[in-house]
J.: 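Pasting a structure here, questions to come.
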Amino acid sequence: MTRQASGDIAGVETSRHGVLGADLFVDCTGFASVLICKTLGVPFQSYKSYLFNDRAVAMPTPLDAPDSLPSETVSGAMKCGWAWTIPLTNRFGNGYVYSSDFIDEAAAEQELRAHLKQHDPAVEARHLKMRVGRLERTWEHNCVAIGLAQGFIEPLEATALMIVQDTVENLIQAHDRADNPTRVREDFNTKVNRIYDSIRDYIYMHYKLNSRSDTAYWEAARENPVMSESVRQILDVWDNGGDLLSEIKRQSAQITYSPTSWFCILAGMGRFPRKSRKATHKHGVSDHEQARKACLEMLRHFPDHKSVLDGMRTAVAPAA
Ligand SMILES: Cc1cc2nc3c(=O)[nH]c(=O)nc-3n(C[C@H](O)[C@H](O)[C@H](O)COP(=O)(O)OP(=O)(O)OC[C@H]3O[C@@H](n4cnc5c(N)ncnc54)[C@H](O)[C@@H]3O)c2cc1C
């Protein structure tokens, strides 16, 4: 790596093409953050005090029915974290995201195997370490980090690729601004940091509002005294029967999730206002049984997930 007197990166040394110079460098080296952290020294802000999970163990299992394929990812709570099951066209991808402060690698693998009923030692487990948090500045000098190089939040809401997209869009907008370059960079960094922090807050709520008491992990997550100011205000308004919609609108500049998502996580986790406000107008009460029947009826008009995917594959397959 060569640097200019200004601190900018002048060139990167590559194994096959020698030194490559450029005006702008994109660091997409994953958790290694080779340019932005190791070369430019941008500090990394860990979210560990908010989100305890820092490891994952992954393992495939075969599809259980050859003629059908579920269309949804299923996530479920485990003793010290949560597990995902993602249907792929040829297998299920499974994994357990957990905190190494509460369970070790071997015990996590054992728990995942039991959860999946996958006891065959020939099926290997892949263990991953996760650096959870974000850079203090995603854009430093003439380098912008994108992807795992800029940060990572556990995949409970599968947000990583969305952040990549948002970062690229913000970079394009910043590039088009004919403003003071330092201000452009600062605004960009503020926007990206807000995206990260607000997603962290929303994921945090999944843990903070839990009601499990079977393991120290869940209890510690519930009792966690660390809380952002934004979450503190949302909980305060909600618990006191205030106007959550207005509060979220007030915070809209720094919030990523929609009001609907906040209502869902609060009520869905069983947290309800201590004092309820009187309804200002009458709302109809949904008939769940009727809604269920209507959904099942609609389902009859859709093709099966597997046949749709098979059809897509046939459509793009090169002619023999
Ligand atoms: C457990 C887990 C579950 C996830 N689930 C989801 C999900 O459900 N939804 C979602 O949107 N995202 C998810 N993600 C995130 C998603 O996988 C990542 O956002 C994406 O893969 C990041 O790609 P990347 O290119 O930034 O990093 P990587 O895929 O890690 O690529 C970095 C590359 O840089 C290379 N490299 C490193 N150092 C050097 C060097 N010195 N010179 C040259 N090359 C170098 C590496 O070899 C690697 O090829 C998940 C991530 C994890 C860990």
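In listed order, ligands and their atoms are each counted from 1.
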J.: Suppose I only count heavy atoms of Val34 and a 4.0 Å limit; which atoms of ligand 1 are within that range?
T.: 38 (N), 41 (N)
J.: Tell me if a side-chain donor or acceptor on Asp239 pairs with a main-chain N or O of Arg274 at a distance below 3.5 Å.
T.: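 No; judged by distance alone, with no hydrogens or angles, the pair does not exist.
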J.: Who's the nearest protein heavy-atom neighbour of atom 6 (C) of ligand 1, and how far?
T.: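 For atom 6 (C) of ligand 1, the nearest protein heavy atom is Pro155 CB, 3.8 Å.
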J.: Atom NE2 of residue position His305 - does it have more than 12 heavy atoms of other residues, nucleotides or ligands inside 6.0 Å?
T.: yes
J.: Without swapping roles, check the side chain of Lys208 against the backbone of Arg222 for a donor-acceptor pair under 3.5 Å.
T.: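 Judged by distance alone, yes, a pair lies under 3.5 Å.
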J.: Is Lys306 paired with Asp304 through a side-chain N to carboxylate O contact shorter than 4.0 Å?
T.: no
J.: Could you find the nearest protein heavy atom to atom 50 (C) of ligand 1 and give me its residue, atom name and distance?
T.: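 Nearest protein contact, heavy atoms only, for atom 50 (C) of ligand 1 is Phe152 CE1, 3.9 Å.
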J.: Identify whether the distance between the nearest side-chain nitrogen and carboxylate oxygen of Asp166 and Lys191 falls below 4.0 Å.
T.: no
J.: Kindly state if atom 21 (O) of ligand 1 has a protein heavy atom within a strict 4.0 Å cut-off, that is, under 4.0 Å?
T.: no
J.: Look at the side chain of Glu111 and the backbone N and O of Lys79, then say whether any donor-acceptor pair between them is shorter than 3.5 Å.
T.: yes
J.: Can you confirm whether something in the protein, heavy atoms only, sits under 4.0 Å from atom 47 (O) of ligand 1?
T.: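 Not a single protein heavy atom is under 4.0 Å away.
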J.: Where the closest heavy atom to atom 16 (C) of ligand 1 is concerned, which of Gly147, Gly151, Ala56, Ala160 has it?
T.: Ala160
J.: Strictly inside 4.0 angstrom of atom 41 (N) of ligand 1, do you find any protein heavy atom?
T.: yes
J.: Which atoms of ligand 1 have any heavy atom of Gly30 under 4.0 Å away?
T.: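 In order of numbering, the contacting atoms are 27 (O), 30 (O), 32 (C).
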J.: Hey, is atom 4 (C) of ligand 1 under 4.0 Å from any protein heavy atom?
T.: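 Looking at atom 4 (C) of ligand 1, one finds that a protein heavy atom does lie closer than 4.0 Å.
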J.: State the atoms of ligand 1, each with its element, that fall below the 4.0 Å cut-off from a heavy-atom position in Leu128.
T.: 1 (C)
J.: Should one rank Leu161, Leu148, Leu156, Thr29 by closest heavy-atom distance to atom 30 (O) of ligand 1, which comes out on top?
T.: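 Looking at heavy atoms only, the winner is Leu148.
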J.: Decide, yes or no, whether a salt bridge links Glu109 with Arg113 under the criterion of side-chain N to carboxylate O below 4.0 Å.
T.: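 Salt bridge: yes.
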J.: Show the atoms of ligand 1 that are less than 4.0 angstrom away from any heavy atom in Cys28.
T.: 32 (C), 33 (C), 34 (O)
J.: Any chance you could lay out the salt bridge (Lys or Arg N to Asp or Glu O under 4.0 Å) test for Arg183 and Glu186, step after step, and finish with the verdict?
T.: CA-CA 5 Å; Arg183 166 129 12 110; Glu186 280 170 5; over 6 Å; no
J.: Is atom 52 (C) of ligand 1 near the protein, in the sense that some protein heavy atom lies at less than 4.0 Å from it?
T.: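 Yes, because at least one protein heavy atom sits under 4.0 Å from atom 52 (C) of ligand 1.
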J.: Counting only heavy atoms not in Glu124, do more than 12 sit closer than 6.0 Å to its CD atom?
T.: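 Counting other residues, nucleotides and ligands, CD of Glu124 stays at 12 neighbours or fewer.
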J.: When you measure from atom 9 (N) of ligand 1 to the protein, is at least one non-hydrogen atom found at a distance under 4.0 Å?
T.: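 Within 4.0 Å: yes, protein heavy atom nearby.
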